[in-house]
Amino acid sequence: MTSRERVLTTLQHREPDRVPIDFSGHRSSGIMAVAYARLRDFLGLPRRPIRVYDPVQQLAIVDEDVLQRFHVDTVELGRAFALEDKHWREWTLPDGTPCLMPAWALPERADGEWLIRSKSDRVIARMPDGVIYFEQAYYPFAENDDLARIDEAFDECMWTALPSPPGPLVAGAKGTKVLAESARRLRKQTNRAIIGLFGGNLLETGQYFYRNDNFFILLAGEPERAHRFLDKLVQIHLANLERFLTAVGPHIDIILFGDDLGMQRGPQMSPRMYREFFQPRETLMWRRAKELAPHIKIMLHCCGGVRELLPRLIEAGLDAINPVQITCAGMEAAGLKRDFGDRLTFWGGGCDTREFLIDGTPQQVHEHVKRMMDIWRSGGGYVFQQVHNIMADVPPANVVAMFDAVNQS
Amino acid sequence: MQDLKPLYEAVLTGDAKTAHSFTEQALAAGVEPLELVNETMVPAMDEVGRRFECNEYFVPELLLSARAMKSALELVRPLLVKSGAQPVARVVIGTVKGDLHDIGKNLVAAMFEGGGFEVIDLGVNVTPEKFIETVKAKNANIVAMSALLTTTMPAMKTTIDAFKQAGVREQVKILIGGAPITQKYANEIGADGYSDNAPAAVALAKKALALAG
């Protein structure tokens with residue numbers, strides 16, 4: 001089987017020849033640049049310039065030699081872009097390792113911290129010394145939400161103004177051609193399954209613009225206002241979806257939407273609130289995606305404990321969910337597999353990142369992952385990734401033990 | 001004798017406007033500030049907490065009620081200070097050094113206020129020294145620390161060790177929370193308690209203090 005066939009087989013709920021592996025196929029299955037540099041050293045691989053393609057989370061592009069070492073089956077569409085030196089600028093990671101950042105997101109040094117500014121020169125992200133990734137510094141709608149100026153809000157919010165590649169490289173009509181052409185080229189060059197990162201975040205965009213607590217208060221206390229915002233937002237997402245899938249739809253396998261709906265002890269909101277505000281809008285977007293690209297699989301990045309919302313997400317048209325945070329309430333692997341495994345592909349939950357990956361011995365990691373594969377693999381509907389990105393302090397020996405365990409299982 | 005149920009209902013349903021206007025009117029009518037807090041606001045927030053624990057209320061409802069409670073409390077607090085009334089206890093709360101996340105911490109702070117505690121919120125990226133200095137200056141009995149990242153959790157141990165070094169560890173109960181935190185971790189680093197949700201943090205604090213008394 002090719003990698004792509006392996007991933008498509010499992011998405012069709014048939015068990016492939018081995019468990020498919022995602023490593024850095026999207027922005028929650030990757031590795032922080034600090035940890036990646038150490039991993040390369042540990043593997044005895046030559047030092048290469050580390051390209052930090054996700055400026056906020058500081059994730060590194062994983063090179064082909066590492067992808068091959070771990071038999072990775074996925075690739076992100078973004079890897080088809082920003083291939084030239086001119087797209088990158090030199091920077092230094094918090095631990096002193098030199099790296100390259102996207103040219104449109106180069107941090108500037110201030111007193112005791114690093115800053116990133118928007119095009120209007122406002123500070124939208126900061127990383128004080130001692131902190132290892134960027135935090136949002138400005139919430140465009142926290143004081144006043146002028147929906148007529150919502151486009152500006154996208155430019156002034158860290159999460160939406162500092163994209164990973166392709167980002168600004170595909171702006172405008174000319175950019176759309178580049179988008180399509182690059183996707184077509186990537187499809188020809190790789191036999192890995194291609195994931196196109198779209199976003200279409202609903203709850204999260206509300207949280208990014210208003211701030212988490214303000215947006216929750218809006219949902220609970222001023223529902224009409226929340227609906228007006230979400231209506232405006234979904235129109236923007238639908239317009240972007242048309243453009244995106246018209247350009248890349250034929251060349252990708254999975255489109256990734258994003259919206260963290262959960263937290264440690266369960267969903268952030270009641271199923272009733274999800275049904276009122278979000279399910280109809282998810283349905284609208286996912287239905288349109290399938291109309292534009294009938295072969296495509298819909299995946300949602302959704303952190304936290306969301307068991308109670310899974311039936312609604314499936315109803316709305318979801319094919320796969322990541323990162324499957326198995327330490328959250330209701331998210332135990334066996335129960336999820338038993339109750340939803342025939343209808344939903346679980347993309348994640350392969351290795352606990354809260355304790356095992358950080359504090360375990362390589363042997364403990366190995367045994368833990370083997371146990372998890374025994375639970376997840378049967379009947380397909382499963383892709384391996386660790387629960388979220390590999391953080392800076394994860395020992396490289398554990399990363400190796402983790403992937404080797406999947407490959408040997 | 002004024003019926004205070006409308007205030008209880010206003011806090012429970014998250015109606016900040018009614019909570020504020022009712023409190024204003026009740027105080028003008030001579031109702032004792034402490035009665036408003038202890039007989040009405042605190043029980044209302046207890047009920048909010050109970051509903052949260054059994055998944056009737058979620059974070060949005062919790063925040064709405066906390067906002068309603070705060071809007072009533074802001075009228076009452078200056079009067080309590082003037083009359084010299086003592087809070088249940090004093091809590092110094094903050095997110096540890098290296099960590100800028102505060103939503104969960106803010107929720108816990110709001111629940112503590114609703115529970116009758118005086119809260120000194122140090123914000124985020126708080127050094128051990130700042131925790132210690134504030135505990136001493138405010139004569140606090142509880143320290144509540146938050147961390148969202150596995151990479152910043154170790155600052156909790158550093159802070160507890162610093163309290164020991166400074167000779168003030170016995171003066172306070174130290175409670176910890178945050179997504180990567182577990183009871184096992186709390187035991188390992190010598191914290192006095194751990195909770196995975198904001199309402200339970202208040203119950204935990206009350207329990208921890210009773211044991212000391």
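Residue numbers start from 1 in every chain, and the chains themselves are labelled A, B, ... in the order their sequence lines are given, proteins ahead of strands.
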pair B:Asp196-A:Gln264: side-chain heavy atoms closer than 4.5 Å =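 No, side chains not in contact.
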Is the shortest heavy-atom distance from the side chain of B:Thr182 to the side chain of A:Glu355 under 4.5 Å?
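Yes, their side chains come closer than 4.5 Å.
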Atom CD of residue position B:Gln165 - does it have more than 12 heavy atoms of other residues, nucleotides or ligands inside 6.0 Å?
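No - once you tally the heavy atoms of other residues, nucleotides and ligands closer than 6.0 Å, there are 12 at most.
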### Task
Determine whether more than 12 heavy atoms belonging to other residues, nucleotides or ligands lie under 6.0 Å from atom CD of B:Glu188.
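Counting other residues, nucleotides and ligands, CD of B:Glu188 exceeds 12 neighbours.
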So, taking the atom named [atom1] in [X] and the one named [atom2] in [Y], what distance separates them when rounded to the nearest 0.5 Å?
| X | Y | atom1 | atom2 | value |
| --- | --- | --- | --- | --- |
| B:Asn197 | A:Arg265 | CG | CZ | 4.0 Å |
| A:Asp213 | B:Asp102 | CG | CG | 7.5 Å |
| B:Leu63 | A:Leu218 | CG | CG | 12.0 Å |
| A:Tyr133 | B:Leu100 | OH | CG | 9.0 Å |
| A:Ile217 | B:Leu62 | CD1 | CG | 10.0 Å |
| A:Asp359 | B:Tyr185 | CG | OH | 9.0 Å |

Residue selection (most heavy-atom pairs with chain B, distance under 4.5 Å) from A:Cys328, A:Ala329, A:Pro267:
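Between A:Cys328, A:Ala329, A:Pro267, the count favours A:Pro267.
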Exercise. Under a 4.5 Å heavy-atom cutoff, which of A:Ser270, A:Ala220, A:Gly130 has the most pairs with chain B?
Worked result: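 Option with the greatest count: A:Ser270.
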Considering only heavy atoms, which portion of [X] lies under 4.5 Å from any heavy atom of chain A: side chain, backbone, both, or neither?
| X | value |
| --- | --- |
| B:Ile103 | side chain |
| B:Leu149 | side chain |
| B:Asp15 | neither |
| B:Thr13 | neither |

Specify the closest pair of heavy atoms between [X] and [Y], including all atoms of both residues, with the distance to one decimal.
| X | Y | result |
| --- | --- | --- |
| A:Gln268 | B:Pro60 | O-CD, 3.2 Å |
| B:Ile181 | A:Arg354 | O-NH1, 3.9 Å |
| A:Thr353 | B:Thr150 | O-CG2, 4.3 Å |
| A:Pro128 | B:Asn125 | CB-ND2, 4.1 Å |
| A:Val131 | B:Gly98 | CG2-O, 3.3 Å |

Open item on the list: Under 4.5 Å from any heavy atom of chain B, what part of A:Met127 do you find: side chain, backbone, both or neither?
Closed with: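 Neither part.
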